[in-house]
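In what follows, chains are A, B, ... by sequence order, proteins preceding strands, each numbered from 1. Note that the coordinates shown come from a computational prediction; the quantities given were computed from them, not determined experimentally.
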Amino acid sequence: MENIKAPRGVRDILPDESWKWASIFDVTRKIAEDFGYREVHLPIFEQTELFSRGIGETTDVVEKEMYTFSDRSGRSLTLRPEATASMVRAYLEHGMASGPQPSKLWCAGPMMRYERPQKGRYRQFWQLDFEAIGSSSPLVDVEVIALSLEIFRRLGLSNLEVLVNSVGCPVCRPVYRSALQAYLGGHFESLCPTCQGRYDRNPLRILDCKVPTCRSITDGAPDVRDHLCEECRVHFDEVLKGLALIGAKFRIDKRLVRGLDYYTKTAYEVLSGDLGAQNAVCGGGRYDNLAEAIGGPHTPGVGFAAGLDRIVLTMEQQGLGFGKEPSIFATVVIADEGARDEGLRLLYELRKAGVPTDMDASGKGMKAQMKAAGAAKAAYVCLLGSSEVVKGVVALKEMSTGTQAEIERDRIVAELVLKAGAARC
RNA sequence: GUGAGCGUAGCUCAAUUGGUCAGAGCACUGGACUGUGGCUCCAGUGGUUGGGGGUUCAAGUCCCCUCGCUCACCCCA
């Protein structure tokens, strides 16, 4: 066990941090209920084809970021790099189309991508994933976006930017693509090398380039909105109208394109101003062709994924609170060995009664036990020595004030249950 | 995959031009206060200075390699 460390790009979420994560899950779970989304737990590995066909063979994720391996029977499996494809797979596999539509589902869990780690980017990262599958209504797009914004609102996040765009559909995207290529062709020599490479493979990505010269070229590029087909144009307008109606703050960004092939129509992103270069805290959109791509019937869907690691980073950066950190409520302190048995009994009576209680197990001196109680931020100490045991009492010390009083042994549990209950409110 | 910066006790960091430089604070454990925490004081545990090689009388301190971390490109949550 010497020198074995966690693999590159993964990390341990330790107690000082994990309780913050738990509080975010609490908030998320409540919002899911408020919006009518039900939780599912999905496998963290799937057949490789699910992702290669669903996300798109030529995407970066599939080409170079997947953890793919064969199991002992030779099947090719892949650690999930995202959840949407799994969600749609589960929807199809369990015939959810026969239930009320759309199926509104969510899940939370780790995703794995083989990338170079940097601020806000890990090889195993956590996402909150919400999907509404089985409806093509723009109101569902609105709901999904609104849900993500509600999460950030309740967590108290500020300095966020919401970008919305439409990436069209198989009917109009090729038209726009050609128009874009025609325009960019005139500036080909001025584009950066990577963009020149993107020109044929994925010209839409050039809109996203950060190189200043590319940006100034694309400033004058044709706008997707002028090339959407009737259906996509109407859909986009409805989404924008719906967002405006519910008072969502957002900006239309014609440069917004998504890296995954399955997106159609609505694409959106939420950016945090308090992260590094990896500033997307949430991204999503509509994927009406995903189900077919993985072998199912045509099934529209829309959803988003929010990055938990990045949410936590942003919240810490903004100095936001995470609710109350759990701590022990009472500590049983033994003054001498003659009280140890009684102390043990009291410890478990309190625990059974639901009072978070601890007690030293290693035979430390009383002073050390008191110190530990203080360090654990216990609100009360139940002090037991031989004399207390004989008298049938417990010396109850309130740590914040230092005051101490003797309570009858048979009343102590009820007393602490009461105090603990009051402390929770 | 590419580039830059950095790697000294659990944590945060010291160590003049290579020469008692392997230290401090915090944390932890114990003690001063033999039945009482948060303050103070004292002591102790803890490092083959990421690893390997080289230069030198002498290297955390210079050179090379390697591993790792961080940030950025790329891409995205």
- Item | First encountered from the 5' end of RNA chain B, between A:Leu308 and A:Thr194 |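 On the 5' side of the pair lies A:Thr194.
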Say whether [X] and [Y], considering side chains only, have a donor N or O and an acceptor N or O under 3.5 Å apart.
{"X": "A:Gln124", "Y": "A:Tyr67", "value": "no"}
{"X": "A:Asp360", "Y": "A:Gln369", "value": "no"}
{"X": "A:Arg173", "Y": "A:Tyr176", "value": "no"}
{"X": "A:Asp336", "Y": "A:Ser386", "value": "yes"}

Could you give the [atom1]-to-[atom2] distance, from [X] to [N], as a whole number of Å?
{"X": "A:Met66", "N": "B:A77", "atom1": "CE", "atom2": "P", "value": "15 Å"}
{"X": "A:Phe304", "N": "B:A77", "atom1": "CZ", "atom2": "C1'", "value": "11 Å"}
{"X": "A:Tyr263", "N": "B:C75", "atom1": "OH", "atom2": "C1'", "value": "14 Å"}
{"X": "A:Glu115", "N": "B:C75", "atom1": "CD", "atom2": "P", "value": "11 Å"}
{"X": "A:Ile311", "N": "B:A77", "atom1": "CD1", "atom2": "C1'", "value": "9 Å"}
{"X": "A:Leu256", "N": "B:C75", "atom1": "CG", "atom2": "C1'", "value": "14 Å"}
{"X": "A:Leu163", "N": "B:A77", "atom1": "CG", "atom2": "C1'", "value": "14 Å"}

Under 3.5 Å, which donor-acceptor pairs do the side chains of residues 125-134 of chain A form with other protein atoms, sequence neighbours left out?
from: A:Glu131; atom 1: OE1; to: A:Tyr287; atom 2: OH; distance (Å): 2.6
from: A:Glu131; atom 1: OE2; to: A:Thr84; atom 2: OG1; distance (Å): 2.8

For nucleotides [N] and [M], find the distance between their [atom1] atoms and express it as a whole number of Å.
{"N": "B:A32", "M": "B:G23", "atom1": "C1'", "answer": "26 Å"}
{"N": "B:C65", "M": "B:G7", "atom1": "C1'", "answer": "16 Å"}
{"N": "B:U40", "M": "B:C33", "atom1": "C1'", "answer": "12 Å"}
{"N": "B:C21", "M": "B:G30", "atom1": "P", "answer": "33 Å"}
{"N": "B:A4", "M": "B:C13", "atom1": "P", "answer": "24 Å"}
{"N": "B:G19", "M": "B:C28", "atom1": "P", "answer": "36 Å"}
{"N": "B:U12", "M": "B:C63", "atom1": "C1'", "answer": "30 Å"}
{"N": "B:A59", "M": "B:U17", "atom1": "C1'", "answer": "14 Å"}

- Under the side-chain contact (heavy atoms from CB on, under 4.5 Å) rule, what do A:Glu82 and A:Val61 come out as? Steps first, then yes or no, please. CA-CA 9 Å; A:Glu82 58 117 34; A:Val61 169; 5.8 Å; no
- Task: Do nucleotides 28-41 of chain B as a string where each nucleotide becomes B, S or -: B if the base has a protein heavy atom under 4.0 Å, S if just the sugar-phosphate does, - if no protein is that close.
- Result: -SS--B-BBBB---
- Message: Testing A:Asp219, A:Asp223, A:Asp208, A:Asn165 one by one against A:Arg255 for a side-chain hydrogen bond (donor to acceptor under 3.5 Å, both in side chains), which residue passes?
- Response: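 Answer after filtering A:Asp219, A:Asp223, A:Asp208, A:Asn165: A:Asp219.
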- Has A:Phe125 got its ring stacked on the base of B:A77, with centres under 5.5 Å and planes less than 30° apart?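 Stack criterion met.
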- Task: Indicate syn or anti for B:G47, taking the glycosidic torsion and treating anything within 90° of 0 as syn.
- Result: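 B:G47: anti.
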- Message: Quick check with a 6.0 Å cut-off and a 45 degree axis cone: is A:Arg11 positioned over the face of A:Tyr122's six-membered ring?
- Response: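 The answer is yes; both the distance and angle limits are met.
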- Item | For RNA chain B, stems built from three or more consecutive Watson-Crick or G-U wobble pairs below 3.5 Å |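 As far as RNA chain B goes, consecutive pairing (with distances under 3.5 Å) yields the stems B:1-7 with B:67-73, B:10-13 with B:23-26, B:28-32 with B:40-44, B:50-54 with B:62-66.
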- Under the salt bridge (charged side-chain N to carboxylate O under 4.0 Å, His left out) rule, collect the residues that match up with A:Arg89, sequence neighbours excluded.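 Here the qualifying residues are A:Glu46, A:Glu93.
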- Query: Which is true for A:Asp16 with a 4.0 Å heavy-atom rule: it touches a base, it touches only sugar-phosphate, or it touches nothing?
  - Reply: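 Nothing: the residue A:Asp16, judged by heavy atoms under 4.0 Å, touches no strand.
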- Message: Run the salt bridge (charged side-chain N to carboxylate O under 4.0 Å, His left out) test on A:Asp309 and A:Lys119 for me, step by step, so that the C-alpha distance in whole Å, both residues' side-chain angles and the decisive distance to 0.1 Å come before the verdict.
- Response: CA-CA 10 Å; A:Asp309 308 76; A:Lys119 188 179 177 72; over 6 Å; no
Which atoms of nucleotides 68-73 of chain B (N or O only) lie under 3.5 Å from a protein N or O atom, and what are those distances?
from: B:C69; atom 1: OP2; to: A:Arg8; atom 2: NE; distance (Å): 2.9
from: B:C71; atom 1: OP2; to: A:Lys119; atom 2: N; distance (Å): 3.0
from: B:A72; atom 1: OP1; to: A:Ala277; atom 2: N; distance (Å): 2.8
from: B:A72; atom 1: OP2; to: A:Gln118; atom 2: NE2; distance (Å): 2.9
from: B:C73; atom 1: OP1; to: A:Lys210; atom 2: NZ; distance (Å): 3.4
from: B:C73; atom 1: N4; to: A:Arg121; atom 2: NH2; distance (Å): 3.2

- Item | Residue pair A:Glu349, A:Lys352: steps toward the salt bridge (charged side-chain N to carboxylate O under 4.0 Å, His left out) verdict | CA-CA 5 Å; A:Glu349 281 176 34; A:Lys352 274 186 201 162; over 6 Å; no
- A:Glu65 has a side chain; which of B:C75, B:C74, B:A77 sits nearest to it?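 Nearest listed nucleotide: B:C75.
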- Under the salt bridge (Lys or Arg N to Asp or Glu O under 4.0 Å) rule, what pairs show up with a residue in residues 310-320 of chain A, not counting sequence neighbours?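 Of all non-adjacent pairs touching residues 310-320 of chain A, those that pass salt bridge (Lys or Arg N to Asp or Glu O under 4.0 Å) are A:Lys20-A:Glu316.
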- Message: Looking at A:Glu33 and A:Lys30, would you say the former's side chain and the latter's main chain have a donor-acceptor pair under 3.5 Å?
- Response: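 No: the side chain of A:Glu33 does not pair with the backbone of A:Lys30.
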